[in-house]
Amino acid sequence: MHKSIYRQLELDDTSYRAIELPEERLKSFFSGFRVGGFDGVNVTIPHKQAVIQLLDEVDVKAKVIGAVNCINRSNNQLVGYNTDVLGFTHTLRTHSIDVEGKDVLLIGAGGSAKAVAAAFAQQDVASVTIANRTKDKVADIVSVIGHLNRDVKTYASDLDELESVKTKFACVVNTTSVGMHPEIEHSPITDVTANNIFKDKAAAVDLIYNPLQTQFLKQADSAGAGVALNGIEMLVAQAVYSVEIWMGGNIVTHVDMRALTRELERSFR
Ligand code: NAP
């Protein structure tokens with residue numbers, strides 16, 4: 001994906017590579033990064049939280065979420081960001097999913113749910129209902145939203161309660177890993193819930209991109225969702241926003257995200 005971005009931008013001498021880093025080497029890696037080697041770094045599971053203490057500055061959203069996935073080095077200072085928030089907002093914008101002043105439903109309360117919650121808070125939604133298997137974790141999501149936008153109402157729900165919830169949602173997002181390869185027949189919701197929450201044409205977004213068409217998206221489609229989108233655009237957009245942070249300037253409008261998405265989709269088929 002990154003090679004394709006650099007090809008599009010004609011940045012022939014830019015390289016990007018994956019490094020597998022055990023936890024015990026995290027500190028020494030970042031000491032080296034501070035003084036050279038790379039201009040920027042993406043961080044993924046399981047280091048998104050631990051890395052924060054190794055940075056000089058952390059963007060407010062990343063701090064509130066408690067997870068950094070993109071780091072920029074400038075004058076030997078390391079600054080952390082979370083581009084998942086921008087990636088999710090990009091999906092909303094691309095598909096004209098208007099959530100401002102509307103009620104939305106967030107299924108799941110893990111790391112990615114925090115990024116989606118932050119995006120919703122920034123979009124000035126009226127309320128976020130959070131449904132998670134482990135109800136204790138809902139408090140973390142409520143806290144993220146409260147830090148970013150005090151006007152947004154939050155409600156906790158059991159997954160089972162969604163079968164009879166009365167709220168008319170504008171957007172429903174699956175942030176759980178249920179339905180991800182190899183357990184592709186699974187969904188975090190029942191068909192009864194799908195018929196209830198999508199009957200008013202709510203937009204459905206599943207952050208999962210493998211498979212491209214999850215059971216959750218199939219349920220949303222048959223229940224009449226306005227649109228049913230997988231997580232591949234968010235994945236592409238968070239990468240492009242990382243490049244924008246590293247390169248500066250307006251990279252996002254100079255990249256053909258649709259072409260990148262199609263290319264990546266082909267690699268998943
Ligand atoms: P995470 O922090 O581990 O959270 C996992 C979530 O799934 C939790 O809410 C967990 O509930 C729930 N869950 C797991 N197994 C379940 C089950 N059997 N029944 C009900 N709920 C279950 O993971 P994450 O980082 O948020 O990632 C979640 C998904 O989002 C993954 O598929 C990941 O690939 C995808 N993702 C996509 C993008 C993108 O760019 N498109 C970005 C980030 C993540 P409990 O709290 O009860 O355990």
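Nothing fancy with the numbering, it's 1 onward along the sequence. Note that ligands are numbered from 1 as they come in the structure, with each ligand's atoms numbered from 1 the same way. All values derive from a computational prediction rather than experimental measurement.
- Shown here are the side-chain contact (heavy atoms from CB on, under 4.5 Å) partners of Tyr209, two or more places apart in sequence or in another chain: Ile232, Leu235, Phe268.
- Residues satisfying the side-chain contact (heavy atoms from CB on, under 4.5 Å) test with Thr14, not counting sequence neighbours, are Tyr6, Leu11, Met247.
- A salt bridge links Arg34 with Asp56; the closest basic N to acidic carboxylate O contact falls under 4.0 Å.
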Extract all N/O-N/O pairs under 3.5 Å that connect ligand 1 to the protein, and present each with both atom names and the distance rounded to 0.1 Å.
from	atom 1	to	atom 2	distance (Å)
ligand 1	2 (O)	Gly111	N	2.9
ligand 1	7 (O)	Ser177	N	3.3
ligand 1	9 (O)	Ala109	N	3.0
ligand 1	9 (O)	Asn132	OD1	2.7
ligand 1	11 (O)	Asn132	OD1	3.2
ligand 1	18 (N)	Arg133	NH1	3.4
ligand 1	26 (O)	Gly111	N	3.3
ligand 1	26 (O)	Ser112	N	2.8
ligand 1	26 (O)	Ser112	OG	2.6
ligand 1	40 (O)	Leu235	N	3.4
ligand 1	41 (N)	Leu207	O	3.0
ligand 1	41 (N)	Gly231	O	2.9
ligand 1	46 (O)	Asn132	ND2	2.8
ligand 1	46 (O)	Lys137	NZ	2.8
ligand 1	47 (O)	Arg133	NE	3.0
ligand 1	47 (O)	Thr134	N	3.0
ligand 1	47 (O)	Thr134	OG1	2.4
ligand 1	48 (O)	Arg133	NH2	2.9
ligand 1	48 (O)	Lys137	NZ	3.4

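- With hydrogens and angles left out, the side-chain atoms of Thr89 and Gln123 include no donor and acceptor closer than 3.5 Å.
- Applying the ring pair (Phe, Tyr, Trp, His ring centres under 6.0 Å) test to Phe88 and every residue at least two apart in sequence or in another chain returns Phe120.
- Taking CH2 of Trp246 as the reference point, atom CZ of Phe38 lies at 11.0 Å (rounded to 0.5 Å).
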